Structures are given as structure tokens and as C-alpha cells.
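The sequence lines fix the lettering, A, B, ..., with proteins before strands; numbering per chain opens at 1. For clarity, every value in this text was computed on a predicted model and none was experimentally measured.
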There are 2 protein chains.
Amino acid sequence: MKQLISQCPIEEVMQILSGRWPTLLVYYLKDGTKRFSDLRRDNPTISHKMLTLELRKLENAGIVSRAEFEGYPLRVEYDLTPAGLQLVPLLDALGGWWENANGAAQVSVPPVKQPSSDRRRALHRKISS
Amino acid sequence: MKQLISQCPIEEVMQILSGRWPTLLVYYLKDGTKRFSDLRRDNPTISHKMLTLELRKLENAGIVSRAEFEGYPLRVEYDLTPAGLQLVPLLDALGGWWENANGAAQVSVPPVKQPSSDRRRALHRKISS
DNA sequence: CGGTATCCTCGGAGATACTG
DNA sequence: CAGTATCTCCGAGGATACCG
């Protein structure tokens with residue numbers, strides 16, 4: 001996903017939000033100001049390096065703001081920008097859509113022991129031309 | 001993005017939609033039924049292999065349906081499922097949000113020759129503790 | 001504490017060729 | 001035409017160490 005190949009805004013958004021971390025970070029920040037180390041604690045599996053890179057990306061995209069305080073030990077606080085705040089309900093909608101498009105299928109096949117993904121492949125229609 | 005680390009539905013969605021192709025494919029399919037070769041023509045830069053993989057992913061996620069017709073030469077048609085159709089307006093909303101959060105910044109800095117990304121970094125607030 | 005630089009590895013994805 | 005299999009390679013991302 002290095003460079004864009006269409007002029008579609010969706011592709012631009014996905015270039016920012018793709019991957020495991022961007023959306024998770026937005027979600028953690030939605031609860032309010034967080035320091036770098038807070039975010040590390042929130043996502044123990046993200047590496048030091050990736051956290052800074054992802055935060056820079058979100059910052060450059062105008063989704064997250066960074067406030068640097070002088071003194072020792074260093075202190076930096078991250079927040080959602082207004083644009084970032086507007087993004088939250090959209091992500092919520094996506095999450096809702098997913099649980100729905102998905103939970104629905106699960107409910108309609110109640111007693112089966114959840115063969116989920118393989119079962120969908122069985123829906124392949126075989127049609128005699 | 002192999003395995004999930006939170007139970008957040010957003011992370012599940014992003015696992016499916018992350019990357020350049022999933023959303024583009026959804027967009028091309030929104031215009032109606034497409035054959036495998038149509039989708040290749042729509043995205044000349046995607047490799048044969050990746051296209052099949054991405055389509056499988058979307059199919060297993062219940063976003064795309066696959067119809068296989070017997071005969072020679074082989075023929076396979078792809079369509080959005082009802083869930084996939086519901087996804088489209090959500091992606092549109094994301095695209096709108098982006099153009100907005102973004103176009104707004106551009107409009108508010110009219111005569112400057114669009115230093116976009118670097119200029120945002122200049123917004124770093126330096127605050128004396 | 002927060003960030004950068006360096007090294008290293010492992011798997012995502014391209015190219016190619018083959019099958020039904 | 002649509003899909004699979006094999007090989008290969010590049011770069012995203014982890015580990016580590018050092019700076020302000």
C-alpha cells in the first residue's frame with residue numbers, strides 16, 4: 001500500500017487505517033488524553049518502534065494531535081483531533097455492521113457447533129450453464 | 001494482521017478490509033456482477049494470485065458471493081452479498097469524512113502551495129511544563 | 001520518558017508455469 | 001477462463017542499543 005493507484009478517497013483512507021493498530025489507537029484515545037507509555041500499556045504487543053510510526057501516521061493524517069511537554073522525564077500526550085473524534089462513530093458503524101452481518105448468520109444456524117468460515121464456502125452455487 | 005489481539009469487532013473488520021484491494025473490489029462490484037477477468041481489467045496492477053486470494057477472503061467474510069458456471073471456457077461471476085451491499089454506504093461515509101477532514105484544511109490555507117503533510121507536523125505544540 | 005538508528009528475519013506478494 | 005502450485009525476493013516490522 002505504498003502509493004495510490006486510484007483517485008478514490010476510500011483508498012486514501014484505507015492507506016491510513018489499514019493494519020491492526022490505527023483503529024485500535026483511535027479507540028484507546030477516544031477515552032481521552034493518553035501518554036506514549038499509556039498507549040504501550042494498552043497494547044502490550046505493539047513494539048516501541050511501530051507505536052511511534054503509527055502515531056506519526058495518524059498525526060500526519062490529522063487524526064491525532066501530539067503535545068510535547070518540556071522537562072525531565074520527557075512527557076508527550078496524544079489526543080484525538082476534531083477530525084479524529086468524527087471518525088469514531090464511523091468506525092462504530094463499521095463494527096456494528098460486522099457484528100450484524102455476522103451475528104445474523106450465527107443466529108440462523110443455532111444448534112450447529114459454529115463451523116463459521118468453512119460453511120460459507122459451502123454456499124458456492126454450482127450452476128449448469 | 002494474522003490473529004486478533006482484542007475482541008473488538010473493529011479489529012475483526014479491519015482484518016478483512018485492510019490493504020489496497022478489498023475496498024476497491026467492493027467498489028467495482030457495487031456496479032453489478034463482474035467476472036474474474038473483468039475485475040482483473042478493472043485493476044490492472046493486481047496479480048492473478050492476489051485477486052483470487054482477496055476474493056476468497058471477501059467471500060469467506062460473507063461480503064462477496066461466487067457463482068461458478070460449468071462449460072468451456074470456464075466462467076465465474078462475483079457479486080456483492082446483501083451484507084456487502086450494506087457495507088458500501090459505510091465506506092462512502094468514510095470517504096466523505098476523509099475528503100472533509102482534509103479538504104477543510106486545504107481550504108483554510110488557500111494561497112500556500114500545499115505543503116500538506118510536513119505542515120501538519122509543524123503544528124506540534126511546544127509547551128513549557 | 002519518548003524517539004531514533006541499526007541490524008536481521010520472516011512472510012506477503014510478484015512471476016511463472018501448469019491443470020480442469 | 002479461473003484457479004493452484006512453486007520459487008523467489010523485498011521490505012514491513014521485531015529486537016536492541018543509544019540520545020535528549
Side-chain angles (χ1 to χ4, degrees), chain A residues 1-3 5 14-25 28-29 33-60 64-79 121 124-129, chain B residues 1-5 11 14-22 24-25 28-29 33-60 64-79 121-122 124-129:
Chain A
M1 278 267 338
K2 226 52 207 218
Q3 43 188 350
I5 58 163
M14 291 315 292
Q15 195 166 45
I16 310 272
L17 298 183
S18 274
R20 200 212 305 301
W21 306 114
T23 48
L24 284 181
L25 291 178
Y28 284 121
L29 285 173
T33 302
K34 296 256 187 173
R35 301 182 51 171
F36 187 86
S37 41
D38 292 331
L39 292 170
R40 288 221 67 186
R41 263 184 290 280
D42 287 336
N43 324 47
T45 65
I46 194 173
S47 74
H48 194 89
K49 179 186 170 188
M50 282 311 292
L51 181 54
T52 59
L53 289 179
E54 297 290 341
L55 284 171
R56 290 283 174 279
K57 188 170 66 169
L58 292 174
E59 191 194 350
N60 289 330
V64 159
S65 69
R66 202 188 94 116
E68 184 175 317
F69 298 84
E70 312 227 320
Y72 245 65
L74 234 54
R75 189 171 139 225
V76 176
E77 291 186 351
Y78 290 94
D79 265 298
R121 301 235 38 206
H124 285 192
R125 285 169 281 159
K126 197 88 173 185
I127 304 175
S128 318
S129 68
Chain B
M1 271 266 351
K2 227 50 209 223
Q3 43 187 352
L4 299 171
I5 59 162
E11 194 187 352
M14 292 314 293
Q15 195 165 44
I16 310 270
L17 299 183
S18 275
R20 200 210 307 304
W21 305 116
L24 285 182
L25 292 178
Y28 284 121
L29 285 173
T33 302
K34 296 255 185 173
R35 300 183 49 172
F36 186 86
S37 41
D38 294 330
L39 292 170
R40 288 221 67 186
R41 263 184 292 279
D42 289 335
N43 324 46
T45 63
I46 194 174
S47 73
H48 194 90
K49 179 186 171 189
M50 282 311 292
L51 181 53
T52 58
L53 289 179
E54 297 290 341
L55 284 171
R56 289 283 176 277
K57 189 171 64 169
L58 292 175
E59 192 195 348
N60 288 331
V64 159
S65 69
R66 202 188 92 117
E68 185 175 316
F69 297 82
E70 311 226 320
Y72 245 64
L74 232 56
R75 188 170 141 226
V76 177
E77 292 186 349
Y78 289 93
D79 265 297
R121 302 235 36 207
H124 284 191
R125 285 170 280 158
K126 197 87 172 185
I127 304 174
S128 319
S129 67

For atom [atom1] of [X] and atom [atom2] of [N], their distance in whole Å:
{"X": "A:Met50", "N": "C:dG3", "atom1": "CE", "atom2": "C1'", "value": "15 Å"}
{"X": "B:Glu77", "N": "D:dC1", "atom1": "CD", "atom2": "P", "value": "15 Å"}
{"X": "A:Tyr78", "N": "C:dG3", "atom1": "OH", "atom2": "C1'", "value": "8 Å"}
{"X": "A:Lys49", "N": "D:dC19", "atom1": "NZ", "atom2": "C1'", "value": "18 Å"}
{"X": "A:Arg75", "N": "C:dG2", "atom1": "CZ", "atom2": "P", "value": "10 Å"}
{"X": "A:Glu68", "N": "D:dG20", "atom1": "CD", "atom2": "C1'", "value": "10 Å"}
{"X": "B:Leu53", "N": "C:dG11", "atom1": "CG", "atom2": "C1'", "value": "13 Å"}
{"X": "B:Glu54", "N": "D:dG3", "atom1": "CD", "atom2": "P", "value": "14 Å"}

Salt bridge present between A:Asp38 and A:Arg41 (N-O < 4.0 angstrom): yes

So if I take every side-chain heavy atom of [X] and compare against [options], which nucleotide ends up nearest?
{"X": "B:Thr52", "options": "D:dG20, C:dG3, D:dT4", "result": "D:dT4"}
{"X": "A:Arg66", "options": "D:dT4, C:dC1, C:dG3", "result": "C:dG3"}
{"X": "A:Val76", "options": "C:dG3, D:dG14, D:dG20", "result": "C:dG3"}
{"X": "A:Arg56", "options": "C:dG3, C:dG14, D:dG3", "result": "C:dG3"}
{"X": "B:Ser37", "options": "C:dT6, D:dG3, D:dC1", "result": "D:dC1"}
{"X": "A:Ser47", "options": "C:dC1, D:dG14, D:dC1", "result": "D:dG14"}

Hey, is the side chain of A:Arg35 poking within less than 4.0 Å of OP1 or OP2 on C:dG2, counting only N and O atoms? yes

Would you say the side-chain atoms of B:Ser18 pair up with the backbone N or O of A:Gly19, donor to acceptor, closer than 3.5 Å? yes

Has the side chain of A:His48 got a donor or acceptor that lies under 3.5 Å from a partner of the other kind on the base of C:dG2? no

Which atom names give the shortest non-hydrogen contact between A:Leu17 and A:Thr23, and what distance separates them? O-CG2, 4.3 Å

Closest non-hydrogen contact found for A:Pro22 with A:Glu54 is CG-OE1, 3.3 Å

Students often mix this up, so state it plainly: with edges at 30° and 60°, are the rings of A:Phe36 and A:Tyr78 parallel, tilted or perpendicular? tilted

Earlier contact from the 5' end, DNA chain D, for A:Ile46 and A:Tyr72: A:Ile46

